[in-house]
There are 2 protein chains.
Amino acid sequence: MTVDLVIFTVRDGELNILLIERGNEPFRGASALPGGYVRPGETLDQTALRELREETSLDGRELHLEQVRAYSDPDRDPRGRVITVAYLALGPDLPRPVAGTDARQAAWTPVAEVLEGRMILAFDHRTILRDALERARTQLEHTTVAARFCPEPFTVGELRRIYEVVWGFKLDPSNFRRKMTRAEAFLEPTGEQRFPEVGRPAALYRRGSARFLIPPLLRTGASRDEVV
Amino acid sequence: MTVDLVIFTVRDGELNILLIERGNEPFRGASALPGGYVRPGETLDQTALRELREETSLDGRELHLEQVRAYSDPDRDPRGRVITVAYLALGPDLPRPVAGTDARQAAWTPVAEVLEGRMILAFDHRTILRDALERARTQLEHTTVAARFCPEPFTVGELRRIYEVVWGFKLDPSNFRRKMTRAEAFLEPTGEQRFPEVGRPAALYRRGSARFLIPPLLRTGASRDEVV
DNA sequence: CGACTTTGAGTCAAGGTGACTCTTAGCTAG
DNA sequence: CTAGCTAAGAGTCACCTTGACTCAAAGTCG
């Protein structure tokens, strides 16, 4: 029984995932999701938090952690019967990943590189990644987790870029602003401004208390092909 | 490692769940979700299908089966460490449940009775039931699974009653019809009619090919307190 | 100063929704 | 036969959200 982590962050305008290089067989040398065995007396949430801390030196308070689902194909691990529960983690541009204890190299990797097939993942981790990404995209529609990607304080434009990167298509800046600022308790204005290198200064916001985005911001599919 | 099933159906205008009476300690005599251990070489889905067949003599082709999540509190089972994965099953008014092999009595129970506290469930099954119900309610918003509750062919009114019973409040019949009949590939007219004991005859439909309801039918919260 | 970029306000038409009325088509009681 | 009941199903209307769009504001850079 293991827990695998799909840790997303946005770096350089791209969606990135934390992958480790496997030091042992099977799939030695291939990339894989960070994860590990559930210890006796540990809940799965605790396992996920512990693995997260070991891989990124972050405690879970700063980011969103959520169970995705269990994967149980008897042949998914050639060593034997291993059922794994996948967790989705979202966070702001995270500090450099820490090398794991068992000589594993951890690195941020653009999700596009993985899904376009230019990189092979161990086990069924490619399927897990796909499911977790879909979950993240749906979460952005109905909840306020997108703000968990943004280091506080943040601008509406930064928040919009999160949506664009995770969803994979561009959004109208004006309509997005209208939607977000009208949503109850999503954005809490600080009153401050940020002066970027280029463009008009932007108002700064903090995360509000709302956990759900009502009404939701649905991907209509109309502009879904406009890839960023 | 076990799988527990939350099997919902609609009987007599109420949402019902299949519960078994435990024949062994712990919680002997109390009600519990049907479920059982995962066998070697079995996926969780296969375990869920097998348990379903054992409890209801139904194969999974006729109903919707879906993983909810894993429950892993080390103290959730006094006998020791048991992690369980909950599955949600939705189906039309099912045949009488079959008594389990190990002298367990299976019975349909109104969900309201359980959630109002008039009945105690073993282990953390009350929590699992709550989570599964919330999942079912959300599924009704975005997918076409509600039709899985209805024996074919069915009327729009029957489909609406499913929504009302699962959501717990009344819907406007006219608006509901408009919404459902406009949704692409949700309802497939058979051309036939049903002549009820009272009221105007209703057109009959079959389940269409669509799996998602676009746009979704969201619980707005406006009329959410109108309990049926 | 003018070109450029991004923020942020505002406009407008199209479509969806909730509340509502009204007709249709069966039944049953008188 | 008719009045009254129930539920199906069509239609109306006001309101709101949304997508597409224009335009002004406020900074930087050449």
Side-chain angles (χ1 to χ4, degrees), chain A residues 13 140-142 150 153-165 167 169-184 186-187 189-205 212-226 228, chain B residues 13 140-142 150 153-165 167 169-184 186-187 189-205 212-226 228:
Chain A
L140 257 56
E141 291 183 315
H142 296 91
C150 302
F154 55 89
T155 70
V156 177
E158 287 165 4
L159 185 64
R160 176 170 49 84
R161 251 155 258 137
I162 300 299
Y163 274 88
E164 291 178 342
V165 166
W167 282 356
F169 54 87
K170 289 206 179 295
L171 296 169
D172 182 275
S174 195
N175 294 336
F176 182 82
R177 150 179 315 283
R178 179 179 59 190
K179 177 84 182 173
M180 290 300 157
T181 51
R182 282 189 190 176
E184 194 90 11
F186 190 178
L187 300 180
T190 66
E192 310 270 304
Q193 277 192 330
R194 172 170 298 162
F195 297 85
E197 297 188 359
V198 61
R200 174 175 168 176
L204 289 171
Y205 296 87
F212 292 93
L213 181 57
I214 304 170
L217 175 56
L218 302 173
R219 302 170 276 173
T220 56
S223 47
R224 211 183 281 201
D225 42 3
E226 302 176 28
V228 174
Chain B
L140 257 56
E141 291 183 314
H142 295 92
C150 301
F154 55 88
T155 69
V156 178
E158 287 165 4
L159 184 65
R160 176 169 49 83
R161 250 156 259 136
I162 301 298
Y163 275 88
E164 292 179 341
V165 166
W167 283 357
F169 54 87
K170 289 204 179 298
L171 296 169
D172 182 274
S174 193
N175 293 337
F176 182 83
R177 150 177 316 281
R178 178 180 60 192
K179 177 83 181 176
M180 289 301 157
T181 51
R182 282 191 190 173
E184 194 91 10
F186 189 178
L187 300 180
T190 65
E192 310 270 304
Q193 278 191 329
R194 173 169 298 162
F195 297 83
E197 297 187 0
V198 61
R200 175 175 170 175
L204 289 172
Y205 297 87
F212 291 94
L213 181 57
I214 303 170
L217 175 55
L218 301 174
R219 299 170 280 173
T220 55
S223 48
R224 210 181 283 201
D225 42 2
E226 300 177 29
V228 173

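All heavy atoms count here, side chains included; hydrogens, waters and symmetry mates do not. Numbers restart at 1 for each chain; the letters A, B, ... are given by sequence-line order, proteins then strands.
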Exercise. For the side chain of A202(A), counting heavy atoms from C-beta on, which of dG8(C), dG9(D), dT17(C) is nearest?
Worked result: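 Of all the options, the side chain of A202(A) is nearest to dG8(C).
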Problem set entry | Proximal nucleotide (of dT6(D), dT17(C), dT6(C)) relative to the V198(A) side chain |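 My answer, after comparing the listed nucleotides, is dT6(C).
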For the pair made of [atom1] in [X] and [atom2] in [N], what is the distance, rounded to whole Å?
X	N	atom1	atom2	value
L159(A)	dT6(C)	CG	P	17 Å
F176(A)	dG19(D)	CZ	P	12 Å
D172(A)	dG10(C)	CG	P	16 Å
L213(B)	dT17(C)	CG	C1'	14 Å
L218(B)	dT17(C)	CG	P	8 Å
F154(A)	dT7(C)	CZ	C1'	16 Å
E184(A)	dT17(D)	CD	P	12 Å
R177(A)	dA24(D)	CZ	C1'	14 Å

Exercise. Between P201(A) and E197(B), who's closer to the 5' end of DNA chain C by nearest nucleotide?
Worked result: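 On the 5' side of the pair lies P201(A).
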Exercise. What is the nucleic acid contact for R161(A), judged by heavy atoms within less than 4.0 Å: base, sugar-phosphate only, or nothing?
Worked result: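 Sugar-phosphate, backbone atoms only, no base.
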Exercise. When all nucleic acid strands are considered with a 4.0 Å heavy-atom cut-off, which category describes R160(B): base, sugar-phosphate, or nothing?
Worked result: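 Sugar-phosphate contact only - R160(B) comes under 4.0 Å of backbone atoms but never of a base.
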For this session: Could you tell me whether Q193(B) atom CD has more than 12 heavy atoms of other residues or ligands within 6.0 Å of it?
Result: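 Yes, enclosed.
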For this session: Ignoring hydrogens and angles, tell me if any N or O in the side chain of E158(B) forms a donor-acceptor pair with the backbone of C150(B) under 3.5 Å.
Result: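 It does not hold such a pair.
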Exercise. Any sub-3.5 Å donor-acceptor pair from R194(B)'s side-chain atoms to P153(B)'s backbone N or O?
Worked result: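 Yes, the answer is positive, given that a donor and an acceptor are paired below the 3.5 Å cut-off.
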For this session: By nearest nucleotide on DNA chain D, pick out whichever of K179(A) and P196(A) is the more 5' one.
Result: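 The answer here is K179(A).
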Any donor-acceptor pair, under 3.5 Å, between the side chain of [X] and the base of [N], if you only look at N and O atoms?
X	N	value
S174(B)	dG11(D)	yes
R200(A)	dT7(C)	yes
R178(B)	dG18(C)	yes

Exercise. Are any of the side-chain heavy atoms of L140(B) and L217(B) separated by less than 4.5 Å?
Worked result: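 Of all side-chain heavy-atom pairs linking L217(B) with L140(B), none is under 4.5 Å.
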Problem set entry | Y205(B)-F154(B) aromatic ring centre distance below 6.0 Å |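 Aromatic pair excluded; centres sit 6.0 Å or further apart.
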